[in-house]
Each structure stands twice: as structure tokens, then as C-alpha cells.
Amino acid sequence: SPLVRGMTASLLGRSGVPDPVPALVEALKLERDPYAFRQMYEALNELTFAYIAVIPPKTMDFATMERIQSSWTTWYGANRFAYQKFEDPN
């Protein structure tokens, strides 16, 4: 459920360990629930130094989510070397 995905992302963001960064970037590609999406990108902002597009909840529409997801994908491509060891080998 979106609530569970969002709460899980929030907890991962507060963990302070970078292990979930690759999984969170991938999850953004599929997530369409505004609450869960926002929690995922906030977790990424907490776990990295990227700080991409912090948008208030009322503006979290599909176009905004697509723009943020694209920004994170581009950022991850440029910074993958730091997180590649945490990627799922499958």
C-alpha cells in the first residue's frame, strides 16, 4: 500500500546509511502515489547530498513526479560509483 511504502521510505531515510539509495531511485520510476513518492524522494535527499526538487505536497502531480524522477535518475547515473556496491545483483 502507498502508506506502507511511504513509511518504509521515511524510515530508510532516517537510517543514515546509504544502502537503500539504488532501490529508492528505482522505486521512484514506478511509484505514482504522491505520498509514497514524496517520502521516497525525501529519503533520498536525506541519504545523499543531491537535494533535488523539494516540492510542497500540494504541487505533487504526475508531471512533477516525472520531473523529479528524471532528475534523480540523471543524478544517480552521475554518482553511481558511490552506490553501485549497494545495487541488487539480480
If I take atom [atom1] from residue [X] and atom [atom2] from residue [Y], how far apart are they, to the nearest 0.5 angstrom?
X: Asn45; Y: Glu42; atom1: CG; atom2: CD; answer: 7.5 Å
X: Thr8; Y: Leu3; atom1: OG1; atom2: CG; answer: 9.0 Å
X: Arg32; Y: Phe62; atom1: CZ; atom2: CZ; answer: 4.5 Å
X: Gln69; Y: Thr74; atom1: CD; atom2: OG1; answer: 8.5 Å

Can you find a heavy atom in the side chain of [X] that is under 4.5 Å from one in the side chain of [Y]?
X: Leu44; Y: Val21; answer: yes
X: Met7; Y: Ser10; answer: no
X: Thr48; Y: Trp75; answer: yes
X: Ser71; Y: Ile52; answer: yes

* **Residues Glu26, Trp72; criterion side chain to side chain contact (heavy atoms under 4.5 Å, CB included); working and verdict** => CA-CA 9 Å; Glu26 284 299 310; Trp72 275 109; over 6 Å; no

* Asked: Does Glu46 pair with Arg14 as a salt bridge, N-O distance under 4.0 Å?
  ->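 Looking at Glu46 and Arg14, the cut-off is not met.
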
* Asked: Between Glu66 and Lys29, is the closest basic N to carboxylate O distance under 4.0 Å?
  ->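 Looking at Glu66 together with Lys29, the answer is no, because their closest N to O distance does not fall below 4.0 Å.
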
Would you name the heavy atoms of [X] and [Y] that are closest together and state the gap between them?
X: Gly6; Y: Gln39; value: O-CB, 3.2 Å
X: Arg5; Y: Ala36; value: CB-CB, 4.2 Å
X: Ala9; Y: Ala43; value: O-CB, 3.2 Å

* Just checking, is any N or O donor in the side chain of Tyr41 or Arg38 under 3.5 Å from an acceptor N or O on the other one? ->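 Yes, side-chain donor-acceptor contact under 3.5 Å.
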
* Intermediate values then yes/no, side chain to side chain contact (heavy atoms under 4.5 Å, CB included), Met65 and Met60 -> CA-CA 6 Å; Met65 290 190 288; Met60 190 60 71; 3.4 Å; yes

* Asked: Would Met40 end up clustered with Tyr35 when hydrophobic side chains under 4.5 Å apart are linked, directly or stepwise?
  ->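 Hydrophobic grouping puts Met40 apart from Tyr35.
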
* To do: Starting from the C-alpha separation in whole Å, work towards a yes-or-no answer on side chain to side chain contact (heavy atoms under 4.5 Å, CB included) for Leu24 and Leu47.
  => CA-CA 10 Å; Leu24 287 167; Leu47 296 173; 4.0 Å; yes

* Measure the acute angle between the ring planes of Phe86 and Tyr83, then classify it against the limits of 30° and 60° as parallel, tilted or perpendicular. =>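 Aromatic pair Phe86/Tyr83 classed tilted.
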
